[in-house]
Protein chains: 2
Amino acid sequence: MPRPRSYSETDIAAAALAVIDHDGLAALTMRAVAVRLGLGTMSLYRYVSDREQLEGLVVDLVLSAVDTTPPPDLPWDEQLTVLVERVRAAAAAHPQAIPLALTHRHTSANVLRWAEAVLGVLTAAGFTEDRRAIALRCLLGHLIGSIQMDHLGPLSGAGTEAMARLSPEAYPLLAETAREAREVTAGDEFRRGFRILLLGLRASLDQAAETGPEVTNQ
Amino acid sequence: MPRPRSYSETDIAAAALAVIDHDGLAALTMRAVAVRLGLGTMSLYRYVSDREQLEGLVVDLVLSAVDTTPPPDLPWDEQLTVLVERVRAAAAAHPQAIPLALTHRHTSANVLRWAEAVLGVLTAAGFTEDRRAIALRCLLGHLIGSIQMDHLGPLSGAGTEAMARLSPEAYPLLAETAREAREVTAGDEFRRGFRILLLGLRASLDQAAETGPEVTNQ
DNA sequence: CGTCGTAGGCGTACAACATACGCCTACGGA
DNA sequence: TCCGTAGGCGTATGTTGTACGCCTACGACG
């Protein structure tokens, strides 16, 4: 084997992420990453075949920070809260990379790892078959939606500020709500919203138990 | 006023949307839109200052199709279901434009119109103050998350297919769940997930009533 | 210790893009 | 009829991703 690689995939991803963190997502170009690595532009193509693949590596790196071990000795809803919060934290650590994560999340093995962990908790909680699939989908949907909303304007951010200044004639409720919501931090907003989703999951679990246990294992 | 405009903003947006629908989002270039309008490339800049603004117009056009009149004579949760479903339908009508909608949604007046309608339903249902804000945020988060998930791989789509073929040793639950989820259509998946969210909202409403009605109006 | 094939590294080149600038021109009010 | 405003466009520039083809460092084998 001649000429061993100078950089690992992680090195490449770290360089790209550094560019993003430092100069924003728009600054992520093949040239910029190559310069950061001390490479010529085209040398970067020895490591990735594509800009697309480079972005995938970045997402994978960001998500690799997520610990997918469910915290033990907690009820299932609190376990889920922790698991979801960890992803949120990982995303928050690199806010400029969030649009990338939303586009490339389906290519990252770390997402699968995380989903597997969530399914473990759901299964232990009593979710089975397609109910389990829907529950996972619900959690993922809420998580993605929330991350995206955090990203471009949390309740207490500039967007809400603008809404609060909206003409109360055209949007009476919206203006009022925005004014009230200015106090709510992004974290609170997320947690309280997630609590509502958990209430729903628990209720759906109870309903399923009433209607008929189907093939409840154990 | 000399030389009246040849095209309205809606014309511009329609042309851009036509390009997207016909040739995909990647084909959305200033040139392509200009050609479609029978204009030279630079003439387009008489109507929009920016590619960014052009994208905003497209999103606004897509969302303008959403009827924000809450259906009367229905319980609040079913009203919400209809309102949310309408946005989903509007997005589904132009699947290729969805990434744009996710990026530019905060600039569209139609989003405000929709939020106002949702807040009306929530208020009538008994949600007040910051509870109302959280509820709205919950609904929006779920909606955005679901649209995005629909877009890049519904449960019954290719992504799930790939997951079902995943190594059962590495991801036992995920592979099993994906296999079970193949039957679930995107619509069902959305509706059943949304039903869970509504269960949660109702439960949170009941909890609020128990704990103390605070300043319940009326 | 030489030699050779593989794979790393890079300079050049090109096509597509958004967009700045400056010119011509169609139009409507006077 | 004339004039100013605003529409329309040709040209040009800088930035992007990336194909191509060359040189070169390296490690295994002789």
Side-chain angles (χ1 to χ4, degrees), chain A residues 1-61 96-97 99-104 107, chain B residues 1-61 96-97 99-104 107:
Chain A
M1 288 294 119
R3 205 60 199 282
R5 316 221 91 183
S6 309
Y7 301 100
S8 68
E9 287 209 331
T10 311
D11 293 334
I12 307 292
L17 186 55
V19 169
I20 294 174
D21 283 343
H22 196 264
D23 296 322
L25 184 54
L28 180 69
T29 78
M30 302 304 275
R31 290 180 225 276
V33 175
V35 164
R36 190 152 214 130
L37 286 165
L39 283 177
T41 308
M42 291 317 291
S43 308
L44 188 51
Y45 282 88
R46 290 280 168 184
Y47 295 89
V48 292
S49 64
D50 224 48
R51 185 204 160 105
E52 181 100 354
Q53 194 187 329
L54 178 66
E55 294 180 352
L57 289 180
V58 172
V59 174
D60 225 44
L61 179 61
Q96 313 243 222
L100 280 191
L102 294 169
T103 314
H104 291 264
T107 69
Chain B
M1 286 297 118
R3 204 61 199 280
R5 317 222 91 183
S6 309
Y7 302 101
S8 68
E9 287 209 332
T10 311
D11 293 334
I12 306 292
L17 186 55
V19 169
I20 293 174
D21 283 343
H22 196 264
D23 296 323
L25 183 53
L28 180 70
T29 79
M30 301 305 274
R31 289 182 229 279
V33 175
V35 165
R36 187 147 215 132
L37 286 165
L39 284 176
T41 309
M42 291 315 291
S43 307
L44 188 52
Y45 283 90
R46 290 279 169 186
Y47 296 88
V48 292
S49 65
D50 225 49
R51 184 202 160 106
E52 181 100 355
Q53 194 187 326
L54 178 67
E55 295 180 351
L57 288 180
V58 172
V59 173
D60 226 43
L61 178 61
Q96 313 243 221
L100 281 190
L102 294 168
T103 314
H104 292 263
T107 69

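The figures that follow rest on heavy atoms only: side chains count, while hydrogens, waters and symmetry mates do not. Since the model is a prediction, treat every value here as computed from it, not as a measurement.
Atom P of nucleotide dT19(C) and atom CG of L44(B) are separated by 10 Å, given to the nearest angstrom. In this structure, L37(B) atom CG and dG7(D) atom P are separated by 15 Å, rounded to whole Å. Atom C1' of nucleotide dC9(D) and atom OH of Y47(B) are separated by 13 Å, given to the nearest angstrom. Across the protein-nucleic acid pair, R46(A) atom CZ and dG9(C) atom P stand 8 Å apart, rounded to whole Å. The separation between E52(A) atom CD and dG17(D) atom P is 13 Å, rounded to whole Å. For L39(B) and dG7(D), the CG to P distance is 11 Å, given to the nearest whole Å. Per the geometry, CZ belonging to R31(A) stands 13 Å off P belonging to dA19(D), to the nearest Å. When the P atom of dG7(D) is taken as reference, atom CD of E9(B) falls 12 Å away, rounded to whole Å.
Annotation: E9(A), atom CD; neighbour count of heavy atoms from other residues, nucleotides and ligands within 6.0 Å does not exceed 12.
Side-chain to base pairing of R5(A) with dG8(C): no donor and acceptor N or O lie closer than 3.5 Å to each other. The base of dG17(D) lies outside donor-acceptor range of the side chain of R51(A), with no N or O pair under 3.5 Å.
In the set dA18(C), dA20(C), dA19(D), dA19(D) carries the atom at the smallest distance from any side-chain atom of M42(A). Set against dG11(C), dA18(C), dT11(D), the side chain of T29(B) has dA18(C) as its closest nucleotide. Counting only heavy atoms from C-beta on, S6(A) has its side chain closest to dG9(C) among dG9(C), dT16(D), dG7(D). Between dT16(D), dC17(C), dC10(C), one nucleotide has an atom nearer to the side chain of S43(A) than all others, and that is dC10(C).
Put simply, CD1 on I12(B) and CG on L37(B) are 4.5 Å apart, with the number rounded to the nearest 0.5 Å. To the nearest 0.5 Å, atom CG of residue L39(A) and atom CZ of residue R31(A) are 14.5 Å apart.
Side chain of D11(B) to main chain of S8(B): a donor-acceptor pair is present (N/O by atom type, distance under 3.5 Å, no hydrogens or angles). For the pair R46(B) (side chain) and R5(B) (backbone), a donor-acceptor distance under 3.5 Å is absent.
Toward the 5′ end of DNA chain D lies the nearest nucleotide of T41(B), the other residue of the pair M30(A) and T41(B) mapping further downstream.
Residue contacts shown for L28(A) are limited to sugar-phosphate atoms, with no base heavy atom under 4.0 Å away.
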